[in-house]
**Q** 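Sharing a structure below in structure tokens format, with a few things to ask.
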Number of protein chains: 2
Amino acid sequence: MAKPSKENSPITEHLAYLLAQANREINRQLELRLSKEGVPVEQWRILKVLSDGNGHSMGELAGAVLLNHPTLTKMIDRMVSDTLVYRVQDPNDRRKVLMFISDRGKVLCKKLNSLAVDQEEHILESYGDKSTSELKRLLESLIDSSN
Amino acid sequence: MAKPSKENSPITEHLAYLLAQANREINRQLELRLSKEGVPVEQWRILKVLSDGNGHSMGELAGAVLLNHPTLTKMIDRMVSDTLVYRVQDPNDRRKVLMFISDRGKVLCKKLNSLAVDQEEHILESYGDKSTSELKRLLESLIDSSN
DNA sequence: TTGAAAATATTGAATATTCAAGAATTGAAG
DNA sequence: CTTCAATTCTTGAATATTCAATATTTTCAA
């Protein structure tokens, strides 16, 4: 009898595929909410990271918001035009640029946060409290184990 | 005393962010393996879906491999140039195009499958059998509950 | 049967992302 | 000190993706 082999297993059983599918779906829902303010998900992430009021370098930001460096530069250019954030040269290391959130950025960020909370609550309802926190735990540990 | 509010929670605690991060990491690893054959992840998915030998319409494929329609068309154009797949007009509904995998495509798909299995095994080792299957179960159910 | 609406796939222009190279600054070895 | 390698960010060209419009075929109501 044939040994059960993974080589023929349908793509829908692969972890990589399930992650892509779930990510796509949740992201789509979030995008839909944030589009009420005309803001892409990445910009919300940027604002959220900067909303601690501290300066964050481009490299740091790129890692935090899951964008590569040149893409981030260009997105930040747009956000600077929209006066949501601003650049300051790091006085301690002039290779670096420190990004700060503006007052306008803070106001927008608050609105976006509440839209995002709406979504999380919607997930909690349809998916369940228990499952959600368990899923988060497992994802964190997967990310950990991948470094 | 302050009511604990989600509005200030760091971005790293949002389900959408954890999914994006995990997806990014696992996808990066898979990309790295498949790059040995010079094939992007999406093309492997396409080959895998087509490897049942049946014809699949573009719309069906687009859904299955998580690409939107025009992007898929252009990727298929490249794969046709590489003689990995070919188009046949659906005789029953001539609006549709049925995609088939070629012999060359099948050979490549086998190699890619084994590279992908390598990765899944690597995950099983570092992350654990139990966690992996539990994570898959939760992801499937999240995807279900989102429809 | 006919004609309007829906479904399917492709195309081209607009937009976004990525890769490779460049500019500026720092670190550190000799 | 001086110089060379490493770090950080930006830029421009190449590539890829997306949006809107188009072409073709089917469906279905009148």
Side-chain angles (χ1 to χ4, degrees), chain A residues 20-21 23-25 27-32 34-35 38-46 49-50 54-82 84-100, chain B residues 20-21 23-25 27-32 34-35 38-46 49-50 54-82 84-100:
Chain A
Q21 205 182 353
N23 178 52
R24 193 179 143 94
E25 179 57 26
N27 208 56
R28 197 189 57 74
Q29 289 175 15
L30 183 56
E31 227 162 35
L32 198 66
L34 299 189
S35 71
V39 176
V41 175
E42 289 79 12
Q43 289 197 16
W44 170 58
R45 290 201 194 121
I46 291 171
V49 169
L50 296 186
N54 299 325
H56 294 261
S57 76
M58 292 295 281
E60 195 187 340
L61 255 189
V65 305
L66 313 176
L67 287 176
N68 68 12
H69 223 134
T71 306
L72 177 64
T73 292
K74 284 154 192 171
M75 183 161 285
I76 289 286
D77 285 347
R78 286 192 287 274
M79 295 176 78
V80 169
S81 299
D82 295 341
L84 296 171
V85 300
Y86 57 94
R87 292 179 161 98
V88 175
Q89 194 176 51
D90 186 337
N92 297 119
D93 182 342
R94 288 182 332 206
R95 288 169 303 183
K96 293 187 184 173
V97 172
L98 297 182
M99 298 305 311
F100 289 89
Chain B
Q21 204 181 353
N23 179 51
R24 193 179 142 94
E25 179 58 25
N27 209 56
R28 198 190 55 75
Q29 289 174 15
L30 183 57
E31 228 162 34
L32 198 66
L34 299 190
S35 71
V39 176
V41 175
E42 289 79 11
Q43 289 197 15
W44 170 58
R45 289 201 195 120
I46 292 171
V49 170
L50 296 186
N54 299 325
H56 294 262
S57 76
M58 292 296 281
E60 194 186 339
L61 255 188
V65 305
L66 314 177
L67 287 176
N68 68 11
H69 223 133
T71 306
L72 178 64
T73 292
K74 285 155 192 172
M75 183 161 284
I76 289 286
D77 286 346
R78 287 191 286 273
M79 295 175 77
V80 169
S81 299
D82 296 341
L84 296 171
V85 299
Y86 57 94
R87 291 178 161 98
V88 174
Q89 195 176 50
D90 185 336
N92 297 120
D93 183 342
R94 287 182 333 204
R95 289 170 302 184
K96 293 186 184 173
V97 172
L98 296 181
M99 298 304 312
F100 288 89

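In what follows, every chain begins at residue 1, and chains take the letters A, B, ... in the order their sequences are listed. We use all heavy atoms of the structure for the numbers below, so side chains are in, but hydrogens, waters and symmetry mates are not.
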**Q** At what distance, to the nearest 0.5 angstrom, does CE of B/Met58 lie from CG of B/Asp90?
**A** 13.5 Å
**Q** Of the residues in residues 54-65 of chain B, which ones touch DNA chain D at a heavy-atom distance under 4.0 Å?
**A**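 Here the set is empty: none.
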**Q** Could you give the NE2-to-C1' distance, from A/His69 to C/dG22, as a whole number of Å?
**A** 14 Å
**Q** Taking salt bridge (Lys or Arg N to Asp or Glu O under 4.0 Å) as the test, write out the residues that go with B/Arg87, two or more places apart.
**A** B/Asp77
**Q** Please figure out whether A/Asp90 or A/Arg78 has its closest DNA chain C nucleotide nearer the 5' end.
**A** A/Arg78
**Q** Can you tell me how far CD1 of A/Ile76 sits from CD1 of A/Ile46, rounded to the nearest 0.5 angstrom?
**A**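 One finds 4.5 Å between CD1 of A/Ile46 and CD1 of A/Ile76.
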**Q** What's the spacing between B/Leu50 CG and B/Met79 CE if we round to 0.5 Å?
**A**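 It comes to 7.0 Å.
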**Q** Work out which heavy atom in A/Ala62 is nearest to a heavy atom in A/Leu72; give both atom names and the distance.
**A** N-CD2, 3.5 Å
**Q** How would you list, by chain and number, every residue that makes a salt bridge (Lys or Arg N to Asp or Glu O under 4.0 Å) with A/Arg28, sequence neighbours excluded?
**A** A/Glu25
**Q** Residues two or more places apart in sequence or in another chain: which of them pass salt bridge (Lys or Arg N to Asp or Glu O under 4.0 Å) with A/Asp93?
**A** A/Arg95
**Q** Could you state the interatomic distance from CG (A/Asn23) to CD (B/Gln21), rounded to the nearest 0.5 Å?
**A**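 Reported value, rounded in 0.5 Å steps: 11.0 Å.
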**Q** Closest nucleotide of DNA chain D for A/Leu72 versus for B/Met75: which of these residues is on the 5' side?
**A** A/Leu72
**Q** I need the A/Glu31 CD to A/Glu42 CD distance, nearest 0.5 Å.
**A** 7.5 Å
**Q** Name every residue in residues 91-99 of chain A that has at least one heavy atom under 4.0 Å from any atom of DNA chain C, in order of residue number, or write none if there are no such residues.
**A**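 Close to the strand are A/Asp93, A/Arg94, A/Arg95.
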**Q** Roughly, in whole Å, what's the span from CD in B/Gln89 to C1' in C/dT10?
**A**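 Roughly 13 Å, once rounded to whole Å.
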**Q** At a heavy-atom distance below 4.0 Å, which nucleotide of DNA chain D is the first touched by chain A, and which is the last?
**A**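 Contact boundaries, 5' end first: D/dT7 to D/dA13.
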**Q** How far does CG of A/Asn68 sit from OG1 of A/Thr73, to the nearest 0.5 angstrom?
**A**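 Answer for the CG-OG1 pair, A/Asn68 versus A/Thr73, is 9.0 Å.
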